[in-house]
Peer 1: 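Structure incoming, see below.
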2 protein chains.
Amino acid sequence: MRSDDVPEIRELTLFRALADDAFETLIRGAYLQTFPPTVELIREGDSPDFLHVLVEGGVELFSGWHRRETTLSMLAPVSTFILAATITDRPYLMSARTVSKSRVALIPSEDVRTVFDADRDFANAIVNELADCFRASIKHAKNVKLRSSVERLANYLLCEVAAQGGGSEEGQITLPYEKRLIASWLGMTPENLSRAFGSLRPYGVKVEGALVHLSDMSSLRRLAKPTPLIDDPAS
Amino acid sequence: MRSDDVPEIRELTLFRALADDAFETLIRGAYLQTFPPTVELIREGDSPDFLHVLVEGGVELFSGWHRRETTLSMLAPVSTFILAATITDRPYLMSARTVSKSRVALIPSEDVRTVFDADRDFANAIVNELADCFRASIKHAKNVKLRSSVERLANYLLCEVAAQGGGSEEGQITLPYEKRLIASWLGMTPENLSRAFGSLRPYGVKVEGALVHLSDMSSLRRLAKPTPLIDDPAS
DNA sequence: CATGGCGCTTGATCTAAATCAAACCTGGCC
DNA sequence: GGCCAGGTTTGATTTAGATCAAGCGCCATG
């Protein structure tokens with residue numbers, strides 16, 4: 001494992017409270033690989049041999065069912081996947097694929113479980129991480145079941161502009177993923193995402209490729225009606 | 001707390017591995033209440049003062065957003081809610097309401113966190129319970145995003161007949177909840193659920209009130225295409 | 001036993017989104 | 001610099017599901 005990446009991995013909430021020797025145990029048995037885009041790292045149904053850590057790039061968690069496919073999560077560095085499968089040693093429910101050139105650390109699941117048994121702080125961190133994942137999944141289900149596709153897009157844009165340091169009235173974002181991936185995560189087709197962007201034009205939303213300008217966020221908020229119980233990742 | 005209920009609560013996976021004194025700590029501070037149907041036990045956004053244990057009856061976990069509402073989970077005895085909120089001490093993301101006369105134990109969240117800090121086996125059980133909740137939520141999101149409403153109903157019936165001890169070709173179930181609640185959980189209106197039942201008639205599905213007869217389960221499976229990665233609660 | 005309320009079913013209509021097709025645009029590769 | 005492939009946009013059409021309305025049936029209550 002390149003020592004360059006270790007500090008960034010150490011700083012992850014999951015690992016931060018770990019005793020040094022416990023962290024060393026995990027890192028010593030891990031290895032790091034760089035993957036080009038569109039490589040399938042995990043296939044749903046498979047056994048979770050590793051806890052993956054995305055160090056650089058981007059990863060999509062998705063699932064398929066008889067010629068249909070949907071995106072369930074989009075991961076940014078630095079983050080782990082899939083802790084719930086690793087800790088319970090049950091088959092992956094989701095597949096994972098790189099969406100851009102990515103560097104991923106693979107930590108053997110057995111090592112994770114060994115340290116989990118031994119290190120109290122790690123157990124605490126795991127509990128909080130699992131609770132966060134579960135809460136994120138509930139928010140996603142609420143988003144999909146309670147809102148129309150235009151409402152989901154509007155709220156997505158408001159979240160993204162907050163994450164990218166925009167103002168409270170105007171802002172600009174660069175979409176972090178291809179539009180067809182965002183469409184899939186939001187539960188719609190790429191054509192429909194395009195039409196949804198179009199229907200937000202009267203609310204001050206202007207699209208130029210991957211660049212999106214928001215010039216009337218009050219108006220957009222009135223349409224979107226954001227709530228921290230769905231839209232705030234930290235809540 | 002009535003001593004009648006304590007053995008059933010003790011047998012829950014979450015509490016089974018607890019040391020006797022730790023379990024006593026939880027039970028001593030808890031109290032038990034009986035509620036009539038349609039009582040709101042939890043409101044989303046509120047602070048999680050208690051971990052609830054459903055001892056008898058039924059509870060629906062649901063969420064609302066500007067005049068819209070959806071069911072996110074239907075709980076049967078004996079089960080707990082909402083562990084993720086209790087353990088992280090963050091606001092409830094879902095509301096809970098009784099769907100029939102129910103007996104519910106309320107265990108103070110502080111006691112839960114105290115025992116979590118002190119009892120290693122409890123920490124393990126909590127991790128597994130959270131992972132299970134997260135996995136169930138992923139399966140629900142997959143069901144909602146990947147399947148049509150008829151496919152969701154067909155798979156629901158196949159699951160329910162397996163849970164109620166039906167055969168592999170024919171079976172009969174009693175719907176455990178009102179149809180409008182099942183419709184909400186499956187992500188459709190009551191009218192649409194009725195029509196979905198109707199469109200399953202050619203597949204051997206016959207409805208009489210809350211009683212459902214399945215007389216051609218091979219045919220129904222070919223339509224439903226069940227997969228353990230969505231439909232098996234134990235997988 | 002009668003009445004009223006709520007859940008469910010059915011019919012008619014509307015709408016949001018998917019599907020299919022075609023054209024355009026952009027970026028990467030030769 | 002040109003070409004090609006993939007992503008995106010736009011148009012037309014279809015479809016799944018929602019909405020609205022009305023009627024029926026069942027269960028609980030008086």
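Throughout, protein chains are lettered first and strands after them, A, B, ... in sequence-line order, and every chain is numbered starting at 1.
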Peer 1: Distance from I82(A) atom CD1 to F134(B) atom CZ, nearest 0.5 Å?
Peer 2: 7.0 Å
Peer 1: Less than 4.5 Å apart, side chain to side chain, heavy atoms only: is that true for I42(B) and R97(B)?
Peer 2: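 No; the side chains remain at least 4.5 Å from each other.
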Peer 1: Working to the nearest 0.5 angstrom, can you tell me the gap between E129(B) CD and S79(B) OG?
Peer 2: 8.5 Å
Peer 1: In Å, rounded to the nearest 0.5 Å, how long is the span from NZ of K142(A) to CD1 of I230(A)?
Peer 2: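 Rounded to the nearest 0.5 Å, the NZ-CD1 separation comes to 5.0 Å.
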Peer 1: Give me the bend of the helix from dC1(C)-dG30(D) to dC30(C)-dG1(D), using the axes of the five pairs at each end, rounded to 10°.
Peer 2: 40°
Peer 1: Which word best sums up how the rings of Y31(B) and F50(B) line up, parallel for under 30°, tilted for 30 to 60°, or perpendicular for over 60°?
Peer 2: perpendicular
Peer 1: Quick one: do R10(A) and E8(A) make a salt bridge, cutoff under 4.0 Å?
Peer 2: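 Looking at R10(A) and E8(A), the cut-off is not met.
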Peer 1: Are R221(B) and D216(B) close enough for a salt bridge, meaning some N to O gap below 4.0 Å?
Peer 2: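 Salt bridge flag = no for D216(B) with R221(B).
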Peer 1: Distance check needed: dT10(C) C1' versus R201(B) CZ, whole Å only.
Peer 2: 11 Å
Peer 1: Just the rounded figure in Å: distance from P of dA16(D) to CD of E151(B).
Peer 2: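 Checked: the CD to P distance equals 10 Å.
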Peer 1: Rounding to a whole Å, what distance do you find between F197(B):CZ and dT9(C):C1'?
Peer 2: 12 Å
Peer 1: Nearest 0.5 Å please: distance from the CG atom of L175(B) over to the CG atom of L157(B).
Peer 2: 7.0 Å
Peer 1: Do nucleotides 12-30 of chain C as a string where each nucleotide becomes B, S or -: B if the base has a protein heavy atom under 4.0 Å, S if just the sugar-phosphate does, - if no protein is that close.
Peer 2: B----SSBB----------
Peer 1: Are more than 12 heavy atoms, taken from residues, nucleotides or ligands other than R43(B), located less than 6.0 Å from that residue's CZ atom?
Peer 2: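 Result for CZ/R43(B): open.
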Peer 1: Among residues 177-186 of chain B, which ones have heavy-atom contacts with DNA chain C below 4.0 Å?
Peer 2: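 Heavy-atom contacts with DNA chain C come from E178(B), K179(B), R180(B).
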Peer 1: Looking at F197(A), does the NZ or CZ of K179(A) lie under 6.0 angstrom from its six-membered ring centre and within 45 degrees of the ring axis?
Peer 2: yes
